[in-house]
Amino acid sequence: MTRQRALIWFKRDLRIHDHAALVAAQSHADALALFVIEPEWMESPECDASHVDHALCCLAELRIALAQIGLPLLVRVGSAVAVLSQLHQEVGYTHLLNHEETGPGWSYGRDMQVALWCKSAGVEWQEFTQTGVVRRLRNRSGWAARWQARMNAPLHLLQGGFTAATSLDLPELPTLTSLGFSPHGKKLQAAGEKAARHTLKSFLQVRGYDYRKALSSPLSAEEGCSRLSPHLAFGTLSMRTVHQATEVAIGHTPDRALAYALRGFSGRLRWHCHFMQKLEDEPDIEFHNFARAFDGLREDEFNEAHFLAWCQGRTGYPMVDACMRSLVATGWLNFRMRAMLVSFASYHLWLHWRPTGLFLARQFLDYEPGIHWSQMQMQSGTSGINTLRMYSPTKQAKDQDPVGHFIRRWVPELARVPLPYLAEP
Ligand SMILES: Cc1cc2nc3c(=O)[nH]c(=O)nc-3n(C[C@H](O)[C@H](O)[C@H](O)COP(=O)(O)OP(=O)(O)OC[C@H]3O[C@@H](n4cnc5c(N)ncnc54)[C@H](O)[C@@H]3O)c2cc1C
């Protein structure tokens with residue numbers, strides 16, 4: 001067995017730029033890379049075929065990019081410990097390197113098992129940060145300054161490539177069908193690191209101009225928001241890369257309007273990590289009310305017919321139905337309309353946030369547990385700290401879709417309804 005052989009375990013960091021584990025592997029004599037397609041992920045109630053499809057597209061591109069720097073990428077299907085241990089027998093490695101993850105319950109359980117296995121196998125496990133999340137945080141004081149320091153730190157850049165001593169048989173990547181999924185039929189954003197960099201550039205140079213104005217309407221947000229969320233969720237861009245590129249764009253543009261718009265965007269990047277930190281600190285928020293005083297509020301009143309109508313975009317509330325159908329077809333929706341969908345489910349239909357949250361998690365290509373469950377609870381009034389916010393679907397339709405383009409596009413059966421009635425249930 002080669003001493004000092006590193007195994008880089010790719011998870012939600014499917015890129016080669018600013019990748020701490022990849023750079024750390026360069027100080028080892030030999031390295032190889034691994035992605036594990038875990039049954040626990042695919043069978044989890046948050047996972048959708050679209051997520052797996054997107055990951056496979058990212059992996060196809062990543063495998064080529066890694067091969068160009070001399071690193072073979074193994075992709076195996078199985079539980080993490082089983083795959084890690086099998087590979088240890090096959091090729092032997094002394095170090096396991098990966099980024100920290102703030103994931104749902106199943107991934108936390110898996111990490112506990114990996115820690116035990118590494119100890120028993122004599123493998124040194126090293127985890128690196130890639131967001132602003134701080135593990136074992138005692139309190140929040142100084143958190144924002146720490147976030148800034150992490151995001152302003154130099155990017156992790158590779159020095160040359162790798163010389164892989166192990167020659168490995170690299171079977172074709174699995175397909176969606178071979179993994180047991182049916183085609184999802186969604187029209188998703190492009191996957192991979194190249195698409196991510198292109199999306200970032202087009203936003204910072206052109207699309208971001210009207211960001212603050214474009215945010216709220218689903219008509220303008222499609223182009224006017226950054227659309228970086230799936231790239232951050234799958235890690236085809238690091239948060240540090242986005243933060244630093246944004247600061248450079250703000251500093252260099254002579255256009256004050258663009259700088260103002262990008263400052264609004266820049267603040268939201270910190271929210272991303274702020275909400276992930278909440279899940280890191282309180283993993284229970286995925287399953288239980290933040291404020292336990294609200295336990296029992298909706299638990300026994302779940303109306304299955306209402307839930308189905310909401311999931312299918314058939315509630316009879318035009319803006320709600322249009323938003324849901326648009327989300328189901330594309331895997332993305334802007335913030336305000338996400339909030340309206342949840343507010344409608346939680347207040348108008350009095351549905352508990354957990355089943356509605358699982359359904360939405362499957363629809364959002366950018367599913368990020370820390371943001372998602374915090375927002376589900378905030379928009380359902382169970383956080384105990386935020387003011388209750390109920391969105392009127394009629395007001396939202398009138399404000400955000402004043403001439404009815406969005407509703408007519410996604411709810412075509414209403415195409416001929418005159419405008420004065422279009423927003424009404
Ligand atoms: C019920 C609900 C569930 C949500 N679930 C998710 C989720 O699973 N994953 C996710 O990335 N976002 C989630 N959001 C937050 C927000 O809607 C999305 O981040 C945003 O719409 C993504 O599009 P964008 O990248 O174009 O955003 P932009 O407006 O361009 O923002 C840039 C980035 O800032 C971060 N950001 C923006 N708004 C927020 C916010 N309110 N809270 C935390 N981070 C934010 C995201 O990383 C986003 O990609 C949720 C919001 C609600 C109301």
Side-chain angles (χ1 to χ4, degrees), residues 8-15 19-21 34-56 58-59 62 75-84 96-118 125-137 150 179 228-239 271-288 290 331 353-354 357-377:
I8 306 149
W9 180 11
F10 280 86
K11 296 197 221 169
R12 296 175 62 208
D13 49 2
L14 303 177
R15 62 177 183 273
H19 197 292
L34 171 72
F35 184 87
V36 188
I37 303 181
E38 296 165 272
E40 291 80 0
W41 171 48
M42 294 190 289
E43 288 161 15
S44 70
E46 304 95 327
C47 183
D48 185 67
S50 56
H51 299 166
V52 180
D53 191 18
H54 191 85
L56 291 173
C58 294
L59 287 169
L62 181 66
V75 176
R76 296 221 170 149
V77 183
S79 293
V81 168
V83 171
L84 291 172
L96 176 65
L97 313 178
N98 61 261
H99 280 124
E100 287 175 351
E101 197 179 350
T102 303
W106 70 264
S107 74
Y108 180 72
R110 171 256 275 147
D111 282 352
M112 295 293 107
Q113 291 171 8
V114 169
L116 286 175
W117 176 80
C118 283
W125 188 19
Q126 246 181 306
E127 294 201 277
F128 301 86
T129 57
Q130 65 166 342
T131 65
V133 173
V134 180
R135 286 215 169 149
R136 292 173 283 280
L137 185 69
R150 270 198 198 172
L179 292 170
L228 290 173
S229 53
H231 297 298
L232 291 168
F234 285 83
T236 40
L237 269 183
S238 72
M239 181 54 89
W271 297 359
H272 173 108
C273 303
H274 156 82
F275 284 116
M276 286 175 72
Q277 184 75 53
K278 278 186 189 277
L279 182 69
E280 179 71 31
D281 296 345
E282 272 187 77
D284 238 21
I285 62 167
E286 190 188 344
F287 305 106
H288 300 295
F290 258 118
W353 54 264
R354 175 71 188 163
L358 286 175
F359 176 79
L360 288 179
R362 292 193 293 276
Q363 308 313 313
F364 294 153
L365 183 62
D366 59 27
Y367 172 56
E368 180 59 66
I371 304 177
H372 187 69
W373 293 113
S374 302
Q375 282 292 345
M376 284 304 304
Q377 295 222 37

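FYI, the numbering just counts along the sequence from 1.
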For this session: Report yes if some heavy atom in the side chain of Tyr367 is under 4.5 Å from a heavy atom in the side chain of Asp48; otherwise report no.
Result: no
Exercise. Are any non-hydrogen side-chain atoms of Leu62 and Phe35 less than 4.5 angstrom apart?
Worked result: no
Exercise. Is a donor on one side and an acceptor on the other found under 3.5 Å between the side chain of Gln377 and the backbone of His288?
Worked result: yes
Exercise. Do Glu38 and Arg110 meet the salt-bridge criterion of a basic N to acidic O distance under 4.0 Å?
Worked result: yes
Exercise. Do you see a donor-acceptor pair shorter than 3.5 Å between the side chains of Ser238 and Gln130?
Worked result: no
Exercise. Is any side-chain heavy atom of Leu179 less than 4.5 Å from a side-chain heavy atom of Met42?
Worked result: yes
Problem set entry | Side-chain heavy-atom pair Asn98, Trp125 within 4.5 angstrom cut-off | yes
Exercise. Is the backbone of Gly105 close enough, under 3.5 Å, to the side chain of Glu286 for a donor and an acceptor to pair up by distance?
Worked result: yes
Problem set entry | Side chain to side chain, Phe234 and Leu365, heavy atoms closer than 4.5 Å | yes
Exercise. When you measure from the side chain of Asp13 to the backbone N and O of Lys11, does any donor-acceptor pair fall under 3.5 Å?
Worked result: yes
Exercise. Do Trp373 and Lys278 touch side chain to side chain, with heavy atoms closer than 4.5 Å?
Worked result: no
For this session: To the nearest 0.5 angstrom, please state how far the CG atom of Leu97 sits from the NE2 atom of His19.
Result: 10.0 Å
Exercise. Under the 3.5 angstrom rule, does the side chain of Arg12 hit a backbone N or O of Ala233 as a donor-acceptor pair?
Worked result: yes
For this session: With the side chain counted from C-beta on, respond yes when His99 and Thr129 share a heavy-atom pair under 4.5 Å apart, and no when they do not.
Result: no
Exercise. Do Val114 and Val81 have side-chain heavy atoms sitting under 4.5 Å apart?
Worked result: yes
Seminar exercise, completed: Closest heavy-atom pair, Arg15 versus Phe10, reported as atoms and distance to 0.1 Å, is O-CE2, 3.4 Å
Exercise. Looking only at atom types and distance, does a side-chain atom of Gln277 sit under 3.5 Å from a main-chain N or O of Val134, one as donor and one as acceptor?
Worked result: yes
Exercise. Quick check: are there more than 12 heavy atoms from other residues, nucleotides or ligands sitting under 6.0 Å from CZ of Phe128?
Worked result: yes
Seminar exercise, completed: Between Val133 and Arg150, the two heavy atoms sitting closest are O-NH1, 2.7 Å
